[in-house]
Peer 1: 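First the structure, which I've put down as structure tokens, then a few questions once you've had a look.
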Amino acid sequence: LYYQHLVHLREMTVRTPLNSPKMLSENSTSPLMDPDRYWGTYRSHLYFGLKTRSPSSPVVGMMWMTEFTRNMPPPLRHWCDQGDSLLRYGWLKHDGVNFGIQEIVEDQYTIRTEFIKRPGGDYGGDWTTKIKITPKSSERHVVVSLMFYMALDGPGNLQTVTTQNRLKSISGYVKELGDFELKFNKATSTHQKYHHLVTYVSNLDILKETVQGHLKVDAWDKGRTLPYFVLRGRSVPRDAPSGPNFIVHQVTAVLPVEMEIVFESQSYRRENSLQGDSFTNLLNSYVEEFDTKFENTFHLKEKDFKTEEINFAKAALSNMLGSIGYFSGESQVKSIYTPEPVKYWETSLYTAVPSRSFFPRGFLWDEGFHNLLIVQWNPTISKDIISHWLDLINVEGWIPREQILGSEAQRKVPAEFVVQHNTNANPPTLFLPLQKIIKTLVKSEKPEDRAFLKAVYPRLKAWYAFYNETQSGNIPGTYRWRGRDPLVKRELNPKTLTSGLDDYPRASHPTDYERHIDLRCWMALASGVMLDIAKTLKMDWKPYEETYNMLTDNQLMNEFHWSESKQQYCDFGLHSDKVKLEQPKAPPPKPGQPPIKLEKVRVNVFEPKIQFVNSFGYVSLFPFLLKIVNPDSPKLMKILKDLQDTQLLWTDYGLRSLARTAPLYNRYNTEHDPPYWRGAIWININYLALQALHHYSTTEGPYQSQAKTIYDQLRANIIRNMYKEYSETGYIWEQYNDRTGKGKGSHPFTGWSALVVLMMAEKY
Ligand code: 6A9
């Protein structure tokens with residue numbers, strides 16, 4: 001009984017919110033509090049979709065298929081999916097608030113989605129979406145079925161208005177929107193047919209399957225030789241608990257075709273509908289504003305970039321903004337003391353995502369990088385995003401690393417990865433944008449700026465304490481990532497997912513006395529920011545100052561992390577350089593049975609000993625990346641020298657993650673897991689390298705001019721390659737190959753890879 005009681009207490013603890021006022025008030029995202037950002041492209045895992053910032057928002061979205069292909073029925077596009085192999089897709093312009101223009105390129109045609117919003121009324125105003133599909137060649141007769149739907153995620157009602165079997169509009173009521181009308185204006189094509197579906201769905205994650213289940217074959221031509229696929233009309237299951245909550249409008253048209261979808265809130269007394277010319281005029285004025293603001297913020301014209309390069313930067317920024325989602329649900333979390341995962345409290349998260357196709361959800365350390373860019377464009381959005389994340393802190397000071405909220409997000413994640421463990425941290429990168437925000441706030445006397453600092457302080461304090469209490473090493477002033485598994489047998493080097501650098505080689509044998517240089521440096525950064533805020537607020541800043549001084553003390557850092565023999569900063573622990581994967585001997589097969597093949601396991605060629613970890617790469621650079629090495633330190637000279645060595649990290653495309661000379665360079669981690677952070681070029685770390693080089697080149701010291709030379713070359717290499725890959729492949733990528741510069745991994749990846757905009761603009 002006592003044990004059960006303890007388990008219960010632990011369960012309670014892990015899912016108890018921090019006892020400190022929230023950053024955001026209960027209704028901060030409501031249409032009355034924040035009408036401008038109520039509606040948005042917050043379903044960024046779709047090629048196109050809109051919803052509001054409310055927990056069970058009604059949603060709209062687009063699907064399409066190419067008729068008369070060999071596949072019957074043709075594949076239906078809905079959620080962004082690399083498997084669709086689109087030539088490219090993404091936002092060309094998007095300001096995060098009012099409008100967006102996107103292009104989606106199929107083999108034979110291009111879809112352009114434009115949307116604009118107009119404030120008015122009590123529910124975030126009106127919006128209009130215009131979809132244009134243009135064939136690439138006028139010779140061929142291409143027919144596309146375009147579907148646009150609305151679905152409810154809770155109570156409400158939807159009614160259809162039809163003329164001659166064409167769905168003209170949906171009128172409805174939900175508490176999130178009041179009374180509204182969604183109008184499907186007539187499409188413009190030489191030849192088109194209309195169909196629709198009116199049905200009930202139990203869950204938003206099965207919209208596509210529901211559409212697929214309601215297609216039937218019909219004849220396109222009079223001669224009945226061309227079958228195509230159409231929706232069945234009304235089909236509400238008899239046992240549905242309510243009336244229809246999912247309505248789909250289908251236009252099948254010969255290209256080119258254009259169509260407007262117009263949403264109007266009944267609470268808004270408008271003078272004219274947002275369609276036709278009034279749509280075009282407002283869109284044009286938003287575009288103009290965007291272009292002007294872009295130049296005023298990033299100055300790329302002034303820096304002599306070509307129009308095409310500027311368009312690339314605009315697309316990178318727009319995809320970051322257009323990837324912002326609003327997710328609601330409960331995380332699955334686990335404390336080591338609880339036998340089973342439990343549910344976190346019901347939360348909502350406004351956040352950008354690393355990749356619309358592959359990881360369309362929030363990741364803690366990615367978000368810090370995302371907001372380095374977002375804060376330059378729109379600090380209000382950044383502050384709001386950071387506030388949402390900080391409101392996820394539990395009473396232990398922990399924020400779950402990966403946010404898998406709601407049924408749609410869950411469907412993208414294999415079950416074994418869903419549960420988040422409260423022992424596990426992730427780099428506290430939110431301190432990076434916060435540092436920028438705070439720099440301006442500390443000077444400000446404005447009450448709202450003070451209020452932000454006052455609100456953020458206790459929550460950061462708890463978060464900061466979590467790292468210090470749970471991620472410290474066995475000697476004061478040292479740190480160690482938790483979450484490494486010392487018992488794992490099949491990994492060449494047990495992964496450190498918590499560090500964000502997954503398979504980057506650490507001590508081969510995880511122990512309690514291991515120490516990680518990157519985490520130490522992250523804590524130095526965090527201490528510095530805490531010190532600044534505490535001083536500004538006249539709080540007790542002494543402890544932060546002490547920690548900050550200790551963690552930036554080069555001599556201490558060198559004692560713990562500088563290897564004299566290797567002349568580099570290192571992790572430290574129980575380590576062997578020589579380990580390998582080997583096929584274990586399988587027992588002889590039983591007669592008549594196939595031979596057993598066991599998976600490879602790790603063996604030590606040399607026994608591990610307590611020592612510095614011999615791998616040169618991103619982790620070794622951290623004292624430099626986070627600007628902790630003193631500008632006059634000879635160690636800086638060594639780092640700068642190593643940076644330029646092509647045997648180590650230097651490539652024509654950016655800095656690779658692990659030196660070619662490192663024992664695990666480009667090695668598989670298990671028989672099946674390919675190298676990830678073992679050679680490839682990552683843009684977030686390259687951004688940190690550039691801002692560090694920029695810092696050392698503008699700070700008085702003996703290595704200033706050297707830093708400047710490297711800075712110029714590295715910056716040019718990264719921009720040149722990313723732009724080239726974008727032009728050739730249509731995408732911005734998760735990583736770049738260190739031998740060829742080719743984009744690899746998931747795509748589009750316009751999370752931290754979009755930091756290329758700041759590199760072009762030299763905003764650090
Ligand atoms: C796997 C498979 C559809 C890995 O960008 C997000 C993270 C980074 O935080 C981390 O540093 N990425 C980096 O090493 C991607 C993580 C994806 C994990 C989910 C599930 C889903 O298949």
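Both counts, for ligands and for their atoms, begin at 1 and track the order of listing.
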Peer 1: Give every donor-acceptor pair under 3.5 Å between a side-chain atom in residues 745-753 and any protein atom, sequence neighbours left out.
Peer 2:
from	atom 1	to	atom 2	distance (Å)
His747	ND1	Gly745	O	3.2
Ser753	OG	Trp733	O	2.7

Peer 1: Would you call Glu491 and Arg602 a salt bridge, using N to O less than 4.0 angstrom?
Peer 2: no

Peer 1: Kindly write out the residues that satisfy ring-ring contact (aromatic ring centres under 6.0 Å, His included) with Trp463, not counting sequence neighbours, or none if the list is empty.
Peer 2: Phe431, Tyr467

Peer 1: For ligand 1, run through the N/O pairs with the protein that fall under 3.5 Å and put one pair on each line.
Peer 2:
from	atom 1	to	atom 2	distance (Å)
ligand 1	5 (O)	Asp366	OD2	2.7
ligand 1	9 (O)	Trp365	NE1	3.1
ligand 1	9 (O)	Asp366	OD1	2.6
ligand 1	11 (O)	Trp365	NE1	2.9
ligand 1	11 (O)	Gly500	O	2.6
ligand 1	14 (O)	Gly500	O	3.3
ligand 1	14 (O)	Asp502	OD1	2.9
ligand 1	14 (O)	Asp502	OD2	3.0
ligand 1	14 (O)	Trp677	NE1	2.9

Peer 1: Going through the distances and angles, do Tyr479 and Trp522 end up as a side chain to side chain contact (heavy atoms under 4.5 Å, CB included)?
Peer 2: CA-CA 10 Å; Tyr479 290 89; Trp522 286 120; over 6 Å; no

Peer 1: Using the test ring-ring contact (aromatic ring centres under 6.0 Å, His included), find all partners of Tyr723 that sit at least two apart in sequence or belong to another chain.
Peer 2: Phe312

Peer 1: Between Thr478 and Arg515, what is the shortest heavy-atom contact and its length?
Peer 2: CG2-CD, 3.7 Å

